[in-house]
Amino acid sequence: MNDRRVVVTGLGTINPVGRDVESTWRGLLNGVSGIGPITLIDASDLPSQIAGEIADFDVEAFMPRRQARRMDRYAQLFWVAAREALNDAGIAYEHGDPAAYRTGVVVGSGIGGVATFEEELTTLLKVGPHRLSPFGIPKIIANLAGGQVSIDFNLYGPNTTAVTACAASANAIGDAAAIITRGAADVMLAGGADAAITRFAMGGFAQARALSKRNDDPKGASRPFDANRDGFVMSEGAAALILEEREHALERGATVYAEVVGYGMSADGYHVTLPRPGGDGAARAMQSALDDAGIVAEQVSYINAHGTSTAANDVTETMAIKSVFGDAAYRVPISSTKSMTGHLLGGAGAIEAVASVLSIRDGVIAPTINLTDPDPECDLDYVPWSPRNVEVQYAMSNSFGFGGHNVVLIFAAP
Amino acid sequence: MERTEIESKLTDLLVDELGIERDDIRSDAKFEEDLDVDSLGVVELLMALEDNFGVKIPDEEAEQITTVGEAVDLVEAKLNG
């Protein structure tokens with residue numbers, strides 16, 4: 001261990017609930033659902049015809065069209081969230097600025113440019129390889145969101161990408177914090193994005209039996225911990241955080257939202273899509289994060305659950321919380337903001353980190369909406385429907401991904 | 001096809017397909033230096049030329065093009081040659 005501590009000094013997001021941090025937070029506290037019928041693609045033959053879209057996203061309001069058409073939508077969304085986070089932290093570098101070389105990026109994305117992949121594959125099959133776009137590959141690869149922001153915002157430090165599915169941006173935040181702790185950078189832009197409301201992704205996730213088919217009730221479809229949940233709701237979006245070495249932040253008078261104190265990881269080693277029954281893997285990740293933070297479960301004031309609204313996750317996560325927290329499991333407030341945002345896949349860990357950090361700043365927890373009839377196996381305090389005022393000292397954020405990746409972050413009041 | 005028609009169609013392609021400012025497009029404008037079209041952009045331009053003018057441009061001929069005027073020359077030669 002060394003004495004380099006990591007704090008959060010900037011936030012950004014664009015998602016179905018809000019187009020920036022403050023509108024998103026207002027929406028989450030007011031229980032606003034971002035879910036609606038799919039309009040971005042023809043969904044008429046898809047089992048799941050609902051999603052959290054950013055249907056009004058006008059990329060040319062943020063960058064020239066010439067640049068936008070070289071980027072997949074997932075990278076465009078990350079770019080927008082990154083710009084907000086950098087502005088919020090008051091970070092802007094000219095080319096050659098020495099501080100730019102001490103500032104890096106870790107992005108998480110579940111599947112990268114899947115819309116571009118579909119377009120290019122269609123061209124390949126219908127026309128042939130000579131008509132593939134020269135920008136196809138750079139648009140598809142999942143590390144280009146990180147590459148692009150390093151180009152446009154002059155961030156020349158460590159730059160990498162996590163692709164651990166729905167845990168990707170939680171990994172991005174934890175890995176970015178570790179890069180600062182070991183002294184390889186002073187500032188890190190960390191977050192994630194996905195834009196997978198495409199026919200291939202929606203069809204594929206549906207075949208994996210992961211998506212809600214509550215097509216007649218979009219706003220009621222993401223209902224974590226409820227007995228009538230039937231799968232997650234696909235959403236697109238991005239979130240980004242500025243992480244900074246604490247002394248570096250204090251010296252430049254930055255606003256400090258929270259400190260990153262715990263990072264735990266584990267693998268289920270069980271199944272490609274299903275969590276290990278009983279939640280042993282998730283529990284070990286939670287315990288590992290607590291140990292990293294040097295706290296005990298009773299000290300956690302709030303858990304932002306993975307809470308996907310799938311049959312398997314919500315029961316398994318509940319069991320995992322019980323096994324780690326013991327009796328305290330029944331006292332700690334837990335909520336799933338996915339009830340409102342839907343599931344941003346690779347953006348989920350980051351937007352939930354934003355919600356956790358803001359709960360520390362404002363002393364209020366966003367609710368779990370649509371929790372009308374709790375699953376008997378989900379018998380904890382999920383803060384149904386209404387926000388709750390709680391002074392949050394430690395916020396835990398859970399993220400679990402296909403492949404059995406379990407990632408847990410703990411944020412502390414500054 | 002008249003040369004002026006080729007020029008006007010090419011200008012539209014550069015604006016619509018590559019996102020270049022219309023005012024920057026002149027006959028002697030160099031793709032890389034003046035119009036900021038990188039090597040990937042040149043590939044995209046050639047594809048657009050082939051699609052929109054119905055011509056076939058081999059790589060070795062494509063590599064000779066550096067200005068807007070030269071692109072017009074090449075298309076004109078292909079169409080009328």
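In the text below, chain A, chain B and the rest are named by the order of the sequence lines, each starting its count at 1. Quick caveat: nothing in here was measured; it's all calculated off a predicted structure. Just the heavy atoms: all of them, side chains too, but no hydrogens, waters or symmetry mates, feed the values below.
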Shortest non-hydrogen contact from A/R69 toward B/E17 = CZ-O, 2.6 Å
Roughly how far apart are B/M47 CE and A/H130 NE2, rounded to 0.5 Å?
-> 8.5 Å
A/R66 and B/L35 have their tightest heavy-atom pair at NH2-O, 2.7 Å
Would you mind checking which part of B/L18 comes under 4.5 Å of any heavy atom in chain A, side chain (CB onward), backbone (N, CA, C, O), both or neither?
-> backbone
CD1 (A/I141) with more than 12 external heavy atoms under 6.0 Å = yes
Considering non-hydrogen atoms only, spot the tightest contact between B/V15 and A/R65 and give its length.
-> O-NH2, 2.6 Å
Over 12 foreign heavy atoms within 6.0 Å of CD, B/E21 | no
Step through the shown structure and confirm whether more than 12 heavy atoms of other residues, nucleotides or ligands are within 6.0 Å of CZ on A/F200.
-> no
